[in-house]
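This is a predicted model, so every value here is computed, not measured.
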Amino acid sequence: MPRIVSLLLDRDGTVIEDRHYLKDPQGVAVLPHVAQALAALQATGVRLFLVSNQSGVGRGYFTAADVLACNQALAAQLDPSGVQFADSVFCPHAPEQDCTCRKPSSGMWETLQARHGLTPATTVMVGDKPEDMAFAANAGLAGRFLVATGKGQATIERFGLQEQLQQHSFIAQPAAPELPQYILEDFSALPQAIALLEALPA
Ligand SMILES: [Mg+2]
Ligand SMILES: [Zn+2]
């Protein structure tokens, strides 16, 4: 496999604590090991992108400005580690608006690809929900990892993935788009998971 140079990250439950329809920047809390892992990957030349469904906007619970304020609070918390997102995109729509950008649809990938010249074969997605995995599959990305934070544990239980987590099994071609290749307990395992992916035969 070619070297992974772009990492797409879900926000809520993956990079920061999952708070129900987070609106208040003071509620932004970076999850353990995230800053360290992202700093290490960024130091090797990996670019980081935030890719988030924010249907609370479409549902009228908060505004796009609230989303941006939370993203700024996140950036401020990561700043001491030197971690910077190259770009952040979010879908503001409610499910019934039938947009093309709400994960698992691949619209946000196409936006990032057009803006930054990303290549699916050198890009990995990390998220805590089946929609994040299916988004990666729909975009044709090289990798998709589930993290057991946020809704990750519920996703593991729903699909019976406890064994995959415990045995650290890497599944190159999962049986369904919603399923991950690899499950991370937390972000401390991320650099190693990317190394496993890169070691796969092309
Ligand atoms: Mg999430
Ligand atoms: Zn959308």
Side-chain angles (χ1 to χ4, degrees), residues 3-57 62-92 101 103 108-109 111-113 115-118 122-129 131-133 135-136 139 141-153 180 182-195 197:
R3 217 176 79 71
I4 297 303
V5 296
S6 323
L7 183 59
L8 309 190
L9 298 151
D10 169 54
R11 194 190 77 178
D12 302 333
T14 299
V15 171
I16 63 175
E17 271 179 34
D18 187 39
R19 303 257 161 88
H20 195 60
Y21 293 110
L22 173 67
K23 162 184 180 167
D24 180 0
Q26 298 217 4
V28 171
V30 176
L31 285 161
H33 309 291
V34 166
Q36 201 180 6
L38 295 184
L41 288 164
Q42 193 177 256
T44 69
V46 175
R47 285 194 296 169
L48 311 172
F49 299 89
L50 212 54
V51 179
S52 183
N53 281 353
Q54 293 295 330
S55 70
V57 176
F62 49 76
T63 66
D66 293 323
V67 177
L68 295 176
C70 288
N71 287 354
Q72 270 180 16
L74 167 57
Q77 287 186 32
L78 290 175
D79 190 60
S81 312
V83 172
Q84 284 189 325
F85 294 110
D87 201 353
S88 300
V89 289
F90 67 93
C91 162
C101 48
K103 294 178 285 186
M108 291 194 280
W109 161 251
T111 297
L112 288 176
Q113 195 178 26
R115 278 189 200 160
H116 302 282
L118 306 187
T122 57
T123 303
V124 162
M125 172 75 192
V126 185
D128 65 323
K129 284 185 171 184
E131 289 83 351
D132 296 311
M133 302 301 99
F135 162 82
L141 305 187
R144 52 185 199 260
F145 304 153
L146 185 79
V147 64
T149 51
K151 301 283 191 299
Q153 205 57 51
Y182 195 80
I183 306 174
L184 314 165
E185 194 90 61
D186 58 50
F187 266 51
S188 60
L190 180 56
Q192 174 64 17
I194 290 176
L197 178 68

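The backbone N or O of Gln84 sits less than 3.5 Å from a side-chain atom of Gln42, completing a donor-acceptor pair. For Thr63 (side chain) and Ala65 (main-chain N/O), a donor-acceptor pair under 3.5 Å exists by modelled atom type. Between the Gln36 side chain and the Ser188 main chain, no donor and acceptor come within less than 3.5 Å of each other. A donor-acceptor contact shorter than 3.5 Å links the side chain of Thr14 to the backbone of Asp128.
With sequence neighbours left out, the ring pair (Phe, Tyr, Trp, His ring centres under 6.0 Å) criterion links Tyr182 to Phe170. Remark: Phe49 pairs with His116 by the ring pair (Phe, Tyr, Trp, His ring centres under 6.0 Å) rule, at least two apart or across chains.
Ion pairing of Arg19 with Asp24 is absent here, as no side-chain N (NZ or NE/NH1/NH2) approaches a carboxylate O to less than 4.0 Å.
Counting heavy atoms from C-beta outward, Val51 and Leu9 have side chains that stay 4.5 Å or more apart. Using a 4.5 Å heavy-atom threshold, the side chains of Asp18 and Thr149 count as separate. Using a 4.5 Å cut-off on side-chain heavy atoms (C-beta onward), Phe145 and Ile194 make contact. Side-chain contact between Cys91 and Met108: present, with at least one pair of heavy atoms (C-beta onward) separated by less than 4.5 Å.
When every heavy atom of Leu184 is checked against every heavy atom of Ala193, the shortest pair comes out as CD2-CB, 3.7 Å.
Donor-acceptor pairing under 3.5 Å is lacking for the side chains of Asn53 and Ser55.
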Quiz prompt | Audit row: Lys129, Asp10, salt bridge (charged side-chain N to carboxylate O under 4.0 Å, His left out) steps and yes/no | solution = CA-CA 9 Å; Lys129 284 185 171 184; Asp10 169 54; over 6 Å; no

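The salt bridge (charged side-chain N to carboxylate O under 4.0 Å, His left out) contacts involving residues 65-89 comprise Asp87-Arg115, where partners must be two or more places apart or lie in separate chains.
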